[in-house]
Amino acid sequence: MEGFPVIDLSKLNGDGRSSIMEMIKDACENWGFFELVNHGITAELMDTVERLTKEHYRKCMEQRFKEMVASKGLEDIQSEVSDLDWESTFYLRHLPESNISEIPDLEEDYKKAMKKFAVELEKLAEQLLDLLCENLGLEKGYLKKAFYGSKGSPNFGTKISNYPPCPKPDLIMGLRAHTDAGGLILLFQDDKVSGLQLLKDGQWVHVPPMKHSIVINLGDQLEVITNGKYKSVLHRVLAQPDGNRMSIASFYNPGSDAVIYPAPALIDKEAAEIQLYPKFVFEDYMKLYAGLKFQAKEPRFEAMKAIESTVTLGPIATV
């Protein structure tokens, strides 16, 4: 199998632009994942975020995780656990309104770093969406507009996870296999402790840990909007016997009331009567996803088709 796609974004503005765009296109069409280096977010900021994230886990979350493990008897399990993940996690919301100031136990320097990091990730997400538009033949800004609901903002938030050493990694997953419900996911992962895998051509492929990289993957909403040209991909996290894996995954998702449907320009005129994907309000999809995250995505799409007659197209329908 060919190597996992690693893309140097600094070459985008030089003679290598066409080859970089082709690499992004291939990654979106054939992998659903790629890894960015030289993406414009400074190493200093990333190092600060990593240091403070790991400090926060040790100070505020490690003991709670150990207590959870003890309460559920997970250290002594003898059979496979199928309804639980070996992870310690919390969430931050950035848009439409930040909740960082409301999260208990976060020290001021950590809040400040995460706010700054979120601003940089938002800029990167919007840059990438326009690159995807260019590759897809959509007008610049189409995907960004598609993600905006009536409030004029996407939903943007971060899931901060730690995957501590696991005594029975053969019996419990760090995070069970799933596709992501949303739009574009930007992941800052540990560069020393691996574990993230994606499913490609029936095989689980490791996503390589790299210093100061940002891993990108596509969610269910981009599969719908691109009418299946790009697909969300099953991925999982393996629990590891050694090392504590850090994962900072930021989700650039549609606004809650955004109406999602295939871009008209990407619907094959010859097969227009064959509807592959539904039209739905993003919030409705998320309600369904909450209970079906670790199941196949196709039944979720079918379920949304059943209710789409009540959905009114948004203002981007005529673009």
Side-chain angles (χ1 to χ4, degrees), residues 9 35-69 85-128 144 147-148 151-165 174-175 180 182-193 195-196 209-217 237 243-256 286:
L9 214 55
E35 196 156 2
L36 293 178
V37 296
N38 297 321
H39 39 65
I41 302 176
T42 67
E44 290 78 11
L45 177 57
M46 296 184 81
D47 287 342
T48 298
V49 166
E50 179 173 1
R51 174 177 59 81
L52 293 173
T53 296
K54 291 181 174 179
E55 284 178 8
H56 178 263
Y57 174 74
R58 287 193 298 271
K59 288 179 186 176
C60 303
M61 301 188 73
E62 187 172 27
Q63 185 57 36
R64 288 181 218 162
F65 183 77
K66 288 178 179 176
E67 289 169 2
M68 183 278 290
V69 167
D85 302 306
W86 188 268
E87 68 171 355
S88 170
T89 187
F90 69 98
Y91 297 85
L92 301 176
R93 186 177 67 248
H94 312 303
L95 294 172
E97 293 179 353
S98 172
N99 72 343
I100 291 180
S101 62
E102 302 162 20
I103 304 295
D105 303 329
L106 292 190
E107 295 184 359
E108 283 305 312
D109 55 349
Y110 192 21
K111 291 179 182 177
K112 184 177 177 181
M114 288 307 298
K115 285 180 179 177
K116 189 174 180 182
F117 191 43
V119 168
E120 295 300 313
L121 288 169
E122 183 188 357
K123 286 193 292 190
L124 180 58
E126 294 184 350
Q127 178 189 7
L128 288 171
K144 183 178 172 182
F147 280 29
Y148 278 27
K151 297 180 178 65
S153 170
N155 278 313
F156 184 45
T158 298
K159 176 188 177 186
I160 299 170
S161 303
N162 282 271
Y163 299 92
L175 181 60
D180 288 322
L184 196 67
I185 297 85
L186 305 93
L187 169 68
F188 175 23
Q189 68 168 346
D190 203 292
D191 66 295
K192 296 181 177 65
V193 184
L196 178 61
M210 294 177 62
K211 188 76 172 171
H212 298 141
S213 71
I214 298 288
V215 177
I216 305 297
N217 75 281
V237 176
N244 180 43
R245 179 179 179 270
M246 178 198 75
S247 165
I248 302 175
S250 296
F251 298 82
Y252 189 100
N253 291 346
S256 297
M286 288 305 294

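Just so it is clear, the model here is predicted, and its values are computed rather than measured.
- A salt bridge links Arg51 with Glu55: at least one charged nitrogen is closer than 4.0 Å to a carboxylate oxygen.
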Stepwise side-chain hydrogen bond (donor to acceptor under 3.5 Å, both in side chains) test for His212 and Asp47: CA-CA 8 Å; His212 298 141; Asp47 287 342; 2.7 Å; yes
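- Note that CG of Leu175 and OG of Ser247 are 8.5 Å apart. Values are rounded to the nearest 0.5 Å.
- Contact of the Leu9 side chain with the Gln127 side chain is registered, since non-hydrogen atoms from C-beta on lie closer than 4.5 Å.
- Ionic pairing of Arg64 and Asp105 is present here: one or more N-O contacts between side-chain nitrogen and carboxylate oxygen are shorter than 4.0 angstrom.
- For Lys211, the NZ atom is densely surrounded, since the number of other residues' heavy atoms within 6.0 Å is greater than 12.
- Looking only at distances, no side-chain donor or acceptor of Ser213 sits under 3.5 Å from a matching main-chain atom of Leu36.
- For the atom pair Phe117 CZ and Thr42 OG1, the distance stands at 9.5 Å (nearest 0.5 Å).
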Evaluation steps, side-chain contact (heavy atoms from CB on, under 4.5 Å), between Ile41 and Leu121: CA-CA 8 Å; Ile41 302 176; Leu121 288 169; 3.8 Å; yes
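- By the neighbour-count criterion of 12 heavy atoms within 6.0 Å, atom CD of Glu102 is densely surrounded, having more than that number from other residues, nucleotides or ligands.
- Side chain of Asn155 to main chain of Pro254: a donor-acceptor pair is present (N/O by atom type, distance under 3.5 Å, no hydrogens or angles).
- A pairwise comparison of heavy atoms in Thr48 and Ala113 identifies CG2-CB, 4.1 Å as the closest pair.
- Using a 4.5 Å cut-off on side-chain heavy atoms (C-beta onward), His94 and Tyr252 make no contact.
- Heavy atoms only, all atoms of each residue included: Ile160 and Met114 are closest at CD1-CE, 3.9 Å.
- Salt bridge status for Glu87 with Lys159: present, with a side-chain N to carboxylate O gap under 4.0 Å.
- Note that CG of Leu92 and NZ of Lys111 are 10.5 Å apart. Values are rounded to the nearest 0.5 Å.
- Rounding to the nearest 0.5 angstrom, the gap separating the OH atom in Tyr163 from the OH atom in Tyr57 is 12.0 Å.
- Using a cutoff of 4.0 Å between basic side-chain nitrogens and carboxylate oxygens, Glu120 and Lys123 are scored as salt-bridged.
- The shortest side-chain heavy-atom distance between Lys59 and Glu107 falls under the 4.5 Å cut-off.
- When side chains are defined from C-beta on, Met46 counts as touching Ile214, because their heavy atoms get closer than 4.5 Å.
- Rounded to the nearest 0.5 Å, atoms CG (Asn217) and CG (Asp180) are 5.0 Å apart.
- Considering every non-hydrogen atom in both Ala249 and Ile185, the closest pair reads CB-CG2, 4.4 Å.
- For the pair Asp191/Glu50, a side-chain contact is recorded, criterion being any heavy-atom separation below 4.5 Å from C-beta on.
- Nearest heavy atom pair, residue Ser250 against residue Phe156, reads CB-CE1, 3.9 Å.
- Counting heavy atoms from C-beta on, the side chains of Asp190 and Lys54 come closer than 4.5 Å.
- Within the 4.5 Å cutoff, side-chain heavy atoms of Pro154 are placed close to those of Tyr148.
- Annotation: the span from Thr53 atom OG1 to Phe188 atom CZ amounts to 7.5 Å, rounded to 0.5 Å.
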Chi angles and distances behind the side-chain contact (heavy atoms from CB on, under 4.5 Å) call for Leu186, Ile216: CA-CA 5 Å; Leu186 305 93; Ile216 305 297; 3.8 Å; yes
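- At a threshold of 4.5 Å between non-hydrogen side-chain atoms, the residues Val69 and Trp86 count as touching.
- Using bins of under 30°, 30° to 60° and over 60° for the plane-to-plane angle, the ring pair Tyr110/Phe90 lands in the perpendicular bin.
- Listed for the Asn253 side chain is a donor-acceptor partner under 3.5 Å among the backbone atoms of Gly183.
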